[in-house]
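Note on naming: letters A, B, ... go to the chains in the order of the sequence lines (proteins, then strands), and numbering restarts at 1 for each one.
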Amino acid sequence: MCGRFAASASTEDLIDLFGIEEVADPAVASYNLAPTDPIPAVLDRLEADAGAPMRTLVSPRWGLIPSWAKDPSGAARLINARAETIATKRSFSGSLSRRRCLIPADGYYEWTPKVESGRTVKQPWFLHPREGLFVMAGLYAWWREPGTGAWLLTATIITTQASDALGHIHDRMPMTIAPADWDAWLDPRLTESQCALPLLATPEDLSVHAVSRAVNRVANNGPELVLPVADVPAT
DNA sequence: CCAGACGTTGTT
DNA sequence: GTCTGG
DNA sequence: CCAGACGTTGTT
DNA sequence: GTCTGG
């Protein structure tokens, strides 16, 4: 699955790569993004006067809160949405039809148990493309706070069964969208979920290496978190 | 019809 | 063991 | 995802 | 909001 990731591209990088027209929230580099954190996301917003959609850089909280939720307390739970069932699950189907986004990342983390000095510790791994950004498929939702009327934007990352190459690390992995399909994936006017689903792609040829357990603690951050560590433990 | 749920992950 | 916070 | 907390009363 | 269960 995907429960922690790194995203360090600058706002300028993302403007160039995705053709961003409006920056609602600038990108903030982080090498330790955790559930409930603001994460970078690209979406196409429909203008009120119904022209072409406006490609916008936003910063939703990670963990989708459906618009009908009574309170936002479940946010840390819906950090992933299973590709196999998003079209029929009530928490996601509306977002799949009309609120799809892209989440640009450097790569993501997974953990495996490891015995060290007789104790079991959680060994983190960093999974990432050999070059370029890892553009994850996401869904978003708007939730309105009853008291203040303030709007809260949240998002989730779509997952699928891990490929054999990654299965020894974890049985789930995030899905991507190929650059040629970005426009269609983001277009909120394409409301047929059956048109959107085939755009979901499986990550190919990811590189995997062990990283420091410093990433386990969410307070830690910095580019050193994604660096390989010499002591590569057996799985 | 109304009431109530609506999710993923890992672990056991 | 299970929930909350980050 | 992992780490860390998990509670009440009365008194200061 | 929308679907399922009763």
Determine the Euclidean distance between corresponding [atom1] atoms of [M] and [N]; express it in Å to zero decimal places.
{"N": "B:dT8", "M": "D:dC2", "atom1": "C1'", "result": "16 Å"}
{"N": "C:dC3", "M": "D:dT9", "atom1": "C1'", "result": "24 Å"}
{"N": "B:dA3", "M": "D:dG10", "atom1": "P", "result": "42 Å"}

Next item on the list: For the pair A:Tyr140 and A:Trp142, name the ring-plane relationship: parallel under 30°, tilted 30 to 60°, perpendicular over 60°.
Entry: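 Answer is perpendicular, since the angle exceeds 60°.
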
Margin query: Would you call the rings of A:His209 and A:Phe126 parallel, tilted or perpendicular, taking 30° and 60° as the class edges?
Written below: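 A:His209 vs A:Phe126 ring planes: tilted.
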
Note to self: Show me the dot-bracket string of DNA chain B, counting Watson-Crick or G-U pairs under 3.5 Å, with | for pairs to another strand and [ ] for crossing ones.
What the structure shows: ||||||......

Rounded to the Å, how far apart are [X] [atom1] and [N] [atom2]?
{"X": "A:Phe5", "N": "D:dC2", "atom1": "CZ", "atom2": "C1'", "answer": "16 Å"}
{"X": "A:Met173", "N": "D:dC1", "atom1": "CE", "atom2": "P", "answer": "17 Å"}
{"X": "A:Lys70", "N": "B:dC6", "atom1": "NZ", "atom2": "C1'", "answer": "9 Å"}
{"X": "A:Tyr108", "N": "B:dT8", "atom1": "OH", "atom2": "P", "answer": "18 Å"}
{"X": "A:Lys122", "N": "D:dC2", "atom1": "NZ", "atom2": "P", "answer": "4 Å"}
{"X": "A:Arg90", "N": "B:dA3", "atom1": "CZ", "atom2": "C1'", "answer": "12 Å"}
{"X": "A:Arg217", "N": "D:dA5", "atom1": "CZ", "atom2": "C1'", "answer": "14 Å"}
{"X": "A:Tyr109", "N": "D:dA3", "atom1": "OH", "atom2": "P", "answer": "14 Å"}

Margin query: What I want to check is whether the side chains of A:Ser30 and A:Asn221 have a donor and an acceptor closer together than 3.5 Å.
Written below: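 Per modelled atom types, A:Ser30 and A:Asn221 side chains form a pair under 3.5 Å.
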
Margin query: Can you tell me if A:Arg82 touches the phosphate of B:dT9, counting only side-chain N or O atoms and a distance under 4.0 Å to OP1 or OP2?
Written below: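 Checking A:Arg82 against B:dT9: at least one side-chain N or O falls below 4.0 Å of OP1 or OP2.
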
Notebook entry, point to check: What does A:Asp171 touch in the nucleic acid at a heavy-atom separation under 4.0 angstrom: a base, only the sugar-phosphate, or nothing?
Noted result: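 The answer is sugar-phosphate, as A:Asp171 gets under 4.0 Å only of primed atoms, P, OP1 or OP2.
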
Notebook entry, point to check: Reading nucleotides 1-6 of chain C 5' to 3', which nucleotides get B (base under 4.0 Å from a protein heavy atom), which S (sugar-phosphate only), which -?
Noted result: -----B

Margin query: As a test of reading the structure: which of B:dT9, D:dA3, B:dC6 is closest to the side chain of A:Ser91, going by heavy atoms?
Written below: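 The answer is B:dC6, which lies nearest to the side chain.
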
Check: Taking the side chain of A:Trp68 as its heavy atoms from C-beta onward, which of D:dC1, B:dT9, B:dC6 lies nearest to it?
Finding: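 Within the option list, the nearest is B:dC6.
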
Which pairs pass salt bridge (Lys or Arg N to Asp or Glu O under 4.0 Å) with one or both residues in [range], sequence neighbours excluded?
{"range": "residues 186-199 of chain A", "value": "A:Asp187-A:Arg189"}
{"range": "residues 19-29 of chain A", "value": "A:Glu22-A:Arg45"}
{"range": "residues 125-151 of chain A", "value": "A:Arg130-A:Asp205"}

Next item on the list: Verify the stacking flag for A:Trp111 against D:dC2: centroid separation must be under 5.5 angstrom and the ring planes must differ by under 30 degrees.
Entry: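 No, A:Trp111 does not stack on the base of D:dC2, since the centre distance and plane angle fail the 5.5 Å and 30° test.
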
Next item on the list: Answer yes or no: does atom CG of A:Asp71 have more than 12 heavy-atom neighbours from other residues, nucleotides or ligands under 6.0 Å?
Entry: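 Counting other residues, nucleotides and ligands, CG of A:Asp71 exceeds 12 neighbours.
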
Note to self: Run the salt bridge (Lys or Arg N to Asp or Glu O under 4.0 Å) test on A:Lys89 and A:Glu84 for me, step by step, so that the C-alpha distance in whole Å, both residues' side-chain angles and the decisive distance to 0.1 Å come before the verdict.
What the structure shows: CA-CA 10 Å; A:Lys89 293 295 182 182; A:Glu84 299 92 326; over 6 Å; no

Margin query: With rounding to the nearest 0.5 angstrom, report the CG to CD1 distance, A:Leu199 to A:Ile177.
Written below: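 These two atoms lie 6.0 Å from each other.
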
Checklist line | Under the side chain to side chain contact (heavy atoms under 4.5 Å, CB included) test, residues paired with A:Pro203 that sit two or more places apart | finding: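 A:Pro203 satisfies side chain to side chain contact (heavy atoms under 4.5 Å, CB included) with A:Phe134, A:Met173, A:Thr176, A:Leu206 only.
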
